[in-house]
Amino acid sequence: MPEMPDVEGFRAVLAEHGAGRRVERVEVADAGVLRDVSARRLERSLRGRRLGDPERHGKWLITGTDGPALLMHFGMTGELHWAGPGQERHRHDRVVFAVDGGELRFRDMRKLQGITLAERPDGISRVLAGLGPDAAGIGRADFGGMLGGGRRAVKAALIDQSVIAGLGNLLADEILWRARIHPRRPAGDLEPADRARVHGQLRRVLRAAIPAGRVLDRARWLTGSRDADGAQCPRCGATLARDRVAGRGTVWCPHCQPV
DNA sequence: TCAGTTGTTTATAT
DNA sequence: AATATAAACAACTG
């Protein structure tokens, strides 16, 4: 269920259980998640390597080693699990990294994205090329000009990874709902005050979601209400609207977020 | 049986 | 040129 905060949670798993340890073994149970690397090369390149501190950029998780860097993207259904000795494998555990004391397991049902290797630092730059700055580090002054002056929907700009790296469908809806901006509003129409509000809510949502390691589904959040049948706005009680915006299932409040 | 899904890329259309 | 839409990837749910 990864949005960027979920990836931050996976980073924490890697930092706790992987960083500083050697990879004893790599098992590729399903090569369908490997991108631009064979199972054999992944195993040979990482076995015996010591893992560094993992970093995140957008939805990518990057782990340096004393060899090549390991890059993971979780798509829509990827997860990273830590498993102690004797824990049963899950049917969707596609790649397993054995380290001292247990296993890091890359689990992914749909295999939409996956794992690759990169020679540092050029290879990492190549993988991340085209991504905008990470959503968690964007200052208010920078944000003002980032959505662009065009006519495309503000939601489309927010989830465009080349504009800002890390915002997904749920986060974009949550941020716009809190900023009281209709998702279809043309990005170029936003006044400076609107942009400041979107930025402020972006910071607020991420500040809460990143430490939790997931997009919060509290009842007072849109994310906690959006899936219910005939769902109501947690703020005003109006029935939430839903439609496709920027090609994605989108939820907003017709009362709080007028066109 | 059919539509839908929290991501990304590519092709095609406007 | 900028923007929008659909499909594809793959697997599962309701």
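All values below were derived from every heavy atom in this structure, side-chain atoms included, with hydrogens, water molecules and symmetry-related copies excluded. In what follows, every chain begins at residue 1, and chains take the letters A, B, ... in the order their sequences are listed.
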Item to check | Close side-chain approach of A:R248 to A:I159, heavy-atom, < 4.5 Å | outcome: yes
Item to check | Phosphate OP1/OP2 of B:dG7 contacted by A:Q161 side-chain N/O (<4.0 Å) | outcome: no
Checklist entry - What residues form a side chain to side chain donor-acceptor pair (under 3.5 Å) with A:D217, not counting sequence neighbours? => result A:R214
I'd like a list of close polar pairs between nucleotides 11-14 of chain B and the protein, N/O only, cut-off under 3.5 Å.
none

Item to check | Qualifying salt bridge (Lys or Arg N to Asp or Glu O under 4.0 Å) pairs, either residue in residues 175-190 of chain A, two or more places apart | outcome: A:E174-A:R178, A:R184-A:D243, A:R185-A:D194
Item to check | Set of residues satisfying side chain to side chain donor-acceptor pair (under 3.5 Å) with respect to A:Q113, sequence neighbours excluded | outcome: none
Checklist entry - Side chains of A:C233 and A:W177: closer than 4.5 Å at any heavy-atom pair? => result yes
Item to check | Inter-nucleotide C1' distance (C:dA6, B:dA3), Å rounded | outcome: 15 Å
Checklist entry - If the P atom of C:dT5 is compared with that of B:dG4, how far apart are they to the nearest Å? => result 15 Å
Next on the checklist: Using every non-hydrogen atom in the two residues, find where A:L147 and A:V154 come nearest and quote the distance to one decimal.
Outcome noted: CD1-CG2, 4.1 Å
Item to check | A:W221: ring-ring contact (aromatic ring centres under 6.0 Å, His included) partners, not counting sequence neighbours | outcome: none
Checklist entry - Which residue pairs satisfy the salt bridge (Lys or Arg N to Asp or Glu O under 4.0 Å) criterion with at least one member in residues 144-167 of chain A, sequence neighbours excluded? => result A:R152-A:D160, A:K155-A:D173
Next on the checklist: Could you work out, with salt bridge (Lys or Arg N to Asp or Glu O under 4.0 Å) as the rule, every residue matching A:R195, not counting sequence neighbours?
Outcome noted: none
Item to check | Salt-bridge criterion met for A:E27 and A:R89 (N-O under 4.0 Å) | outcome: yes
Next on the checklist: Under 4.0 Å between a side-chain nitrogen and a carboxylate oxygen: does that hold for A:R11 and A:E8?
Outcome noted: yes
Item to check | Residue-level proximity of residues 166-177 of chain A to DNA chain B when a heavy atom falls under 4.0 Å | outcome: A:G168, A:N169, A:L170
Might you list the N or O atoms of the protein lying below 3.5 Å from N or O atoms in nucleotides 5-7 of chain C, with each pair's distance?
none

Item to check | Between B:dG7 (C1') and A:D160 (CG): distance, integer Å | outcome: 13 Å
Checklist entry - In this structure, which one of A:V205, A:L222, A:L206 forms a side chain to side chain contact (heavy atoms under 4.5 Å, CB included) with A:I175? => result A:V205
Item to check | Dot-bracket encoding of pairs in DNA chain C, which uses [ ] for pseudoknotted crossings and | for another strand, Watson-Crick or G-U under 3.5 angstrom | outcome: .||||||||.||||
Checklist outcome for this item: Taken to the nearest whole Å, CD1/A:I115 to P/B:dT8 is 16 Å
Next on the checklist: How many whole angstroms separate atom CZ of A:R151 from atom P of C:dA4?
Outcome noted: 8 Å
Checklist outcome for this item: note: A:M76, atom CE; B:dT8, atom C1'; distance rounded to Å ~ 10 Å
Checklist entry - Rounded to the nearest Å, what distance is computed from the CG atom of residue A:L147 to the P atom of nucleotide C:dA2? => result 16 Å
Next on the checklist: Filter on salt bridge (Lys or Arg N to Asp or Glu O under 4.0 Å), then keep only pairs touching residues 61-77 of chain A, sequence neighbours left out; what's left?
Outcome noted: A:R22-A:D66
Each nucleotide N or O in nucleotides 10-14 of chain C that has a protein N or O under 3.5 Å away: list the pair and distance.
| from | atom 1 | to | atom 2 | distance (Å) |
| --- | --- | --- | --- | --- |
| C:dA10 | O4' | A:R110 | O | 3.0 |
| C:dA10 | N1 | A:R110 | NE | 3.0 |
| C:dA10 | N1 | A:R110 | NH2 | 2.4 |
| C:dA10 | N3 | A:R110 | NE | 2.9 |
| C:dA11 | OP1 | A:K111 | NZ | 2.8 |
| C:dC12 | OP1 | A:R91 | NH1 | 3.1 |
| C:dC12 | OP1 | A:R91 | NH2 | 2.7 |
| C:dC12 | OP1 | A:H92 | NE2 | 2.9 |

Checklist entry - To the nearest angstrom, how far is A:D227 atom CG from B:dT6 atom P? => result 8 Å
Checklist entry - Does the side chain of A:D36 come under 3.5 Å of the side chain of A:T116 through a donor N or O and an acceptor N or O? => result no
Next on the checklist: Under 4.0 Å between a side-chain nitrogen and a carboxylate oxygen: does that hold for A:D100 and A:R21?
Outcome noted: no
Checklist entry - Would you say A:L104 and A:W82 make side-chain contact, with heavy atoms under 4.5 Å? => result yes
